[in-house]
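Below, chains carry the letters A, B, ... as their sequence lines are ordered, and counting in each starts from 1. Because only heavy atoms are used, hydrogens play no part in the values below, and waters and symmetry mates are left out as well, while side chains stay in.
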2 protein chains.
Amino acid sequence: MNAPVERVDALCQLLRERGERLTRARRAVIDALVASGDHLTAEQISTCVQEAHPEVHRATIYRTLDTLTELGVTEHSHLGHGPAVYHLADELHQHMVCEACGDVTEVPTSLLRNLGKRLRNDYGFVMRPTHFAIVGQCRECATD
Amino acid sequence: MNAPVERVDALCQLLRERGERLTRARRAVIDALVASGDHLTAEQISTCVQEAHPEVHRATIYRTLDTLTELGVTEHSHLGHGPAVYHLADELHQHMVCEACGDVTEVPTSLLRNLGKRLRNDYGFVMRPTHFAIVGQCRECATD
DNA sequence: ATCTTTGCAAACTTTTTGCACCAAT
DNA sequence: ATTGGTGCAAAAAGTTTGCAAAGAT
């Protein structure tokens with residue numbers, strides 16, 4: 001549950017360079033995301049942060065995530081119904097969600113490259129993958 | 001705003017064959033979907049239905065859409081944040097949404113075929129496209 | 001000292017649920 | 001006459017907002 005300090009520091013540094021204030025809440029959110037190295041819901045981040053700083057409010061988590069997203073530090077995706085999941089922006093990956101068992105697999109975005117090219121050629125559309133998951137059924141559920 | 005009667009009748013027929021009751025509310029929802037021939041939010045369907053039947057409640061719209069989905073008559077997709085959109089299940093298409101201007105384009109699912117094959121080969125995953133939109137920027141917004 | 005950010009409470013949006021009544025078969 | 005569907009009101013789930021007070025620079 002401990003985040004690599006230098007990674008967290010680098011991101012805090014980045015905040016300061018952009019003229020953003022570095023608060024307890026913000027450091028804690030960054031900490032949670034770096035520590036998990038994974039996708040977390042706002043609620044999970046909140047729980048995580050409140051272990052160390054019980055006074056930090058859910059609303060602050062959302063506002064912090066907004067700020068971090070504007071700075072290009074975080075992104076969120078939707079895996080299905082329910083809450084969005086947040087992760088560091090450098091962990092670029094597409095999610096594949098089984099609608100039967102809920103299992104989430106990460107797939108390299110390279111798989112989407114051809115689709116991206118076609119959409120650009122045919123429609124002039126610049127795809128930004130990873131915002132929405134790919135929905136379907138995983139191997140186990142599909143063969144039932 | 002008038003739906004092709006035979007199309008609506010066919011779907012009502014289908015309900016009856018499956019042992020479902022045919023109510024004013026259900027016929028009205030089917031009517032709205034067939035008439036629009038497009039994707040509508042639950043709220044839009046509700047508004048539409050209430051023009052003819054003001055007593056029909058939003059909750060009934062949701063329950064009806066659930067039933068119709070179980071019967072394979074309707075599906076819903078997510079185009080972004082905000083409400084899901086519902087459409088007849090036979091109108092199978094992938095949505096492409098511009099996150100800048102909100103413009104929605106429908107693209108044939110054939111474009112996704114290769115991706116589908118690779119996911120199946122590499123992961124055993126059976127993709128069900130169309131549940132989530134593809135997000136990105138349309139030609140105009142991308143070239144700004 | 002200044003001006004952002006926070007905590008709180010309350011609103012908001014979309015969807016779901018419990019329950020008594022109504023209506024389709 | 002049955003049973004399933006409906007209307008209503010209320011809650012749930014996820015997220016956003018207004019405001020006064022606290023805190024970072």
Side-chain angles (χ1 to χ4, degrees), chain A residues 11-30 32 39-47 49-50 52-71 73-86 102 131-133, chain B residues 9 11-30 32 39-47 49-50 52-71 73-86 102 131-132:
Chain A
L11 291 172
C12 290
Q13 190 56 31
L14 195 152
L15 280 212
R16 231 190 256 101
E17 276 163 20
R18 308 286 186 91
E20 292 288 333
R21 294 190 180 175
L22 191 47
T23 64
R24 216 178 311 118
R26 289 180 172 184
R27 177 176 271 276
V29 169
I30 292 174
H39 33 65
L40 298 175
T41 64
E43 171 105 28
Q44 289 172 319
I45 294 172
S46 186
T47 302
V49 164
Q50 293 194 345
H53 306 283
E55 79 283 4
V56 173
H57 196 270
R58 247 185 7 272
T60 302
I61 305 288
Y62 280 107
R63 283 189 282 224
T64 299
L65 288 168
D66 273 1
T67 304
L68 292 176
T69 298
E70 267 157 39
L71 294 171
V73 172
T74 56
E75 306 213 315
H76 75 264
S77 342
H78 300 273
L79 303 184
H81 298 160
V85 293
Y86 295 81
H131 186 237
F132 279 135
Chain B
D9 283 347
L11 291 172
C12 291
Q13 190 57 31
L14 195 152
L15 280 212
R16 230 189 256 101
E17 276 162 20
R18 308 284 186 94
E20 293 288 334
R21 293 189 182 174
L22 192 47
T23 64
R24 216 179 310 119
R26 290 178 170 186
R27 177 176 271 276
V29 169
I30 292 173
H39 34 65
L40 298 175
T41 64
E43 171 104 27
Q44 289 172 319
I45 295 173
S46 186
T47 303
V49 163
Q50 294 195 344
H53 306 283
E55 79 282 5
V56 173
H57 197 269
R58 250 189 0 274
T60 301
I61 305 287
Y62 280 106
R63 284 189 281 225
T64 300
L65 289 168
D66 273 1
T67 305
L68 293 176
T69 298
E70 267 158 38
L71 293 171
V73 172
T74 56
E75 306 212 315
H76 74 265
S77 342
H78 300 273
L79 303 183
H81 299 161
V85 293
Y86 296 81
H131 185 237
F132 279 134

Kindly compute the distance separating [atom1] ([X]) from [atom2] ([Y]), expressed to the nearest 0.5 Å.
X: Q50(A); Y: H57(A); atom1: CD; atom2: NE2; result: 8.5 Å
X: I30(A); Y: R27(A); atom1: CD1; atom2: CZ; result: 7.5 Å
X: D66(B); Y: L71(B); atom1: CG; atom2: CG; result: 11.0 Å
X: E20(B); Y: T64(B); atom1: CD; atom2: OG1; result: 10.0 Å

Angle between the two end axes of the helix from dA1(C)-dT25(D) to dT25(C)-dA1(D), five base pairs per end, rounded to 10 degrees?
30°

I need the single residue from L68(B), T67(B), L11(B) that forms a side-chain contact (heavy atoms from CB on, under 4.5 Å) with T74(B). Which is it?
L68(B)

Classify the ring geometry between H81(A) and H78(B) as parallel (under 30°), tilted (30 to 60°) or perpendicular (over 60°).
perpendicular

Heavy atoms of chain B, cut-off under 4.0 Å: which first and last nucleotide of DNA chain D, 5' to 3', fall inside that, if you could look?
dT3(D) to dC8(D)

Give a yes or no on whether E43(B) atom CD has more than 12 heavy-atom contacts from other residues, nucleotides or ligands under 6.0 Å away.
no

Do [X] and [Y] come within less than 4.5 Å of each other through their side chains, counting heavy atoms only?
X: H131(A); Y: H76(A); answer: yes
X: R16(B); Y: R21(B); answer: no
X: L65(A); Y: I45(A); answer: yes

Gap between atoms [atom1] and [atom2], on [X] and [N] respectively (whole Å):
X: H78(B); N: dT15(C); atom1: NE2; atom2: C1'; result: 11 Å
X: H53(A); N: dT6(C); atom1: NE2; atom2: P; result: 12 Å
X: E70(A); N: dT5(C); atom1: CD; atom2: P; result: 10 Å
X: E55(A); N: dT5(C); atom1: CD; atom2: C1'; result: 13 Å

Main-chain N/O of A42(B) paired with S46(B) side-chain donor or acceptor, under 3.5 Å:
no

Both G19(B) and P54(B) contact DNA chain D. Which one's nearest nucleotide lies toward the 5' end?
G19(B)

Base versus backbone protein contacts along nucleotides 17-25 of chain C [heavy-atom cut-off under 4.0 Å; B, S, -]:
BB----BBS

Which part of the nucleic acid does R58(B) contact within heavy-atom distance under 4.0 Å: base, sugar-phosphate only, or nothing?
base

Which is true for E43(B) with a 4.0 Å heavy-atom rule: it touches a base, it touches only sugar-phosphate, or it touches nothing?
nothing

